[in-house]
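Taking it in order: structure first as structure tokens, then the write-up.
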2 protein chains.
Amino acid sequence: MAVTLADVAARAGVSAATVSRVLSGNYPVAGATRSRVLRAVEELEYVVNGPASALAAATSDLVGVLVNDIADPFFGIMASAVQSELEPGKAGRKLAVVCNTGGSPERELTYLTLLQRQRAAAVVLTGSAVEDPEHTAALAARLRRMAGAGTRVVLCGRPPLPEPGGPDGADGPGSTDGSGDADGTAAGPVTVAFDNRGGARRLTEHLLALGHRRIGCVAGPVERTTTRHRLEGHRAALAAHDPALLADADRLTVHGAYDRSSGYDGALELLRRTPDLTAVLAANDTAALGVCAALRETGLRIPGDVSVAGFDDLPFSADAAPALTTVRIPLHEAGARAGRLALGREAVPPGGMATVRTELMVRASTAPPRTGRAPVPSGGPTR
Amino acid sequence: MAVTLADVAARAGVSAATVSRVLSGNYPVAGATRSRVLRAVEELEYVVNGPASALAAATSDLVGVLVNDIADPFFGIMASAVQSELEPGKAGRKLAVVCNTGGSPERELTYLTLLQRQRAAAVVLTGSAVEDPEHTAALAARLRRMAGAGTRVVLCGRPPLPEPGGPDGADGPGSTDGSGDADGTAAGPVTVAFDNRGGARRLTEHLLALGHRRIGCVAGPVERTTTRHRLEGHRAALAAHDPALLADADRLTVHGAYDRSSGYDGALELLRRTPDLTAVLAANDTAALGVCAALRETGLRIPGDVSVAGFDDLPFSADAAPALTTVRIPLHEAGARAGRLALGREAVPPGGMATVRTELMVRASTAPPRTGRAPVPSGGPTR
DNA sequence: CTGTTAGCGCTTTCAC
DNA sequence: GTGAAAGCGCTAACAG
């Protein structure tokens, strides 16, 4: 059907092996022969058969990038950065496979299986991980197996995997061969973590310094590492400032997804519970936009009546009105680093983990609380 | 090294062929045998070798999705939609490969080669196409070849490919086999186009109806189909309303990328050229945010002094302050449809092309022009 | 430097 | 219903 190596070899008057060598370029070939082969390739419009070469060479040039939501720029930026590192010299070009898990543990595993089938050269898991112990164990086992088989595993924006840990009886055979395959490339998973805790803590300290005491939190989904870390940072700041503030923390916290409508709904719920709150911390910038919309529709001014802060510092945050105070995560740098790690082009950090610093970006959406503000105007939101 | 089909067969006490049949499920196998095989698979933690099976079956389960900028939600939303259609029943699961071309023609071709190597089941090209004749011809030829080889080709958000057209001598052998390979699946490229022209036209008509006459345009990159179509729609509306308006059209148009800073810079340039303009049309919503920022920093109010409109209706547009008047493109629906077409799960529309309607979304950023407004305040932007 | 020779792991007729 | 055998197209030792 299609043109094969043999066809090219025939036309160039050489053996298939020679054509293969010319194409992969990792072997000495006479200049004359090489150009003759190249010409034949051109003339026949030959295109290497990927599966065949992957089968014979037992390697593939696929790199999987798992994201929780590709429509969210948070992931788009990281994916783009990972991919930008995947094309060094024309030769070792890798193909990034972006897989959208939708945040579902099952799909995460499913895609990993697909990637495993393809004998992917590496996989990069981005964003928060689900904290269900069962899933975590299954995921860790799967990733360890892939790493053992030579696939590089990089975690970007989530904490390291738990160690093999506790005994795990009732398992099929072959479950004890966890040790590396004497392969050399089979280092365990590498992590590029974000300092969500520190960022959240600094953000809350900023609000506290401005004089806020009743700070609402529209947190992310429960059972997610990122959600937990940001909340922990927030509460640590509260505790350090005045342990008494912790008393109201639960009432001042609602959970939702990392999206606009969760911010909108969450803000309304918070306002219902605590009409006199003076600030709202959103799960991320996207949710912050929803919070702002809800406040505005309720008749509250930002930051006059209520201060609002986001997280991530996505591109649109600086352009929101008012510009959003948020915590910047160097997503591009983190993704690029993950990409290099996935290719083995960067030394693995000590302990297999690097933490990316986050930076507080103070902008117009936060200001000192207005003392003695009247509670929520009657009427409620207009939508 | 890894567990193979033969290992599973041995453990289950059957032949490799039987295991293969059980796994692919497209062949009658005795119930008892099937469960025995399945158990062996479980116990051995067997994972199919993708390349090997792709080689033997001469098909792959990869679907390539080419995007111009994965960090842009415009593409993220479409990619996500395409992918969401790629997993019907557990069985025929396809793996979406999102490739970021960065809008570069070379990379577009490079990725297509990579996909061709992998014998991708389908490729979906999203977003605007570069209009360089040479590239267009190369791209069309390449896509036709892939389609001829059985790969489904879908264009989403760009116009159909040109027909083979003019004679193209001086070509290698095998360049005349363009006709389908009697394969059945080898239909030519299918297109899901956006009605950019109509949307732009309606947007401009809206502005015209409000009373605007000096409308600036921060258009997208030159030589891009989307840019040209939106500009054509704009000018058609102008011409229909009053041909005299066309005279200033060129002076009132600047080009940039589809990003925030292009909108920012473009708005300043437009203001410099035409201080008394009363409205600005941005290339897309992201650029519109930049336009708004520039206007605000210049001391102009939106829509009081200048109306602003975007294009695409990305999620954040409704939350901008003021909420952005824009043209909604049903990106998710379009992407989903492209995904179904790529899988052959939806009938090819007549003529191989479907046009997705666009919808004018009138919000708060556009209003009647203020008559007799004073020109740009002195001082200029503060950044 | 180049050709020969074996497979890589799976799918798929064709017999039984 | 199941097994046997013949490749799919390429790479990777070995010879020469």
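So that the names make sense, note that chain A is the first sequence line, chain B the second, and so on, each numbered from 1.
The salt bridge (Lys or Arg N to Asp or Glu O under 4.0 Å) analysis of residues 18-39 of chain B, with sequence neighbours excluded, yields the pairs Arg39(B)-Glu43(B).
Listed nucleotides dG9(D), dA12(D), dC10(C) differ in distance to Tyr46(B); the shortest reach to its side chain belongs to dC10(C).
Atom-to-atom, CG of Asn49(B) to P of dC8(C) comes out at 12 Å; the value is rounded to the nearest Å. Atoms CG (Asp7(A)) and C1' (dC8(D)) sit 14 Å apart, rounded to a whole Å. Rounded to whole angstrom, the span from the CZ atom of Arg119(A) across to the P atom of dG9(C) amounts to 8 Å. Across the protein-nucleic acid pair, Leu5(A) atom CG and dG3(C) atom C1' stand 14 Å apart, rounded to whole Å.
Using a 4.0 Å cut-off, some side-chain N or O of Ser20(B) falls inside it from OP1 or OP2 of dT11(C).
Across the interface with DNA chain C, nearest-nucleotide mapping of Asn26(B) and Leu55(B) shows Leu55(B) to be the residue nearer the 5′ end.
Contact of the Val14(B) side chain with the Val19(B) side chain is registered, since non-hydrogen atoms from C-beta on lie closer than 4.5 Å. At a threshold of 4.5 Å between non-hydrogen side-chain atoms, the residues Cys156(A) and Leu125(A) do not count as touching. Residues Val98(A) and Ile70(A) have side chains in contact (heavy-atom distance under 4.5 Å, counting atoms from C-beta outward).
Residues forming a side-chain hydrogen bond (donor to acceptor under 3.5 Å, both in side chains) with Ser15(B) (at least two apart in sequence, or on another chain): Thr18(B).
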message: Each nucleotide in nucleotides 1-7 of chain D should get exactly one letter: B, S or -. Can you fill that in based on protein heavy atoms under 4.0 Å?
response: SBBB--B

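A side-chain donor-acceptor contact under 3.5 Å links Glu108(B) and His135(B).
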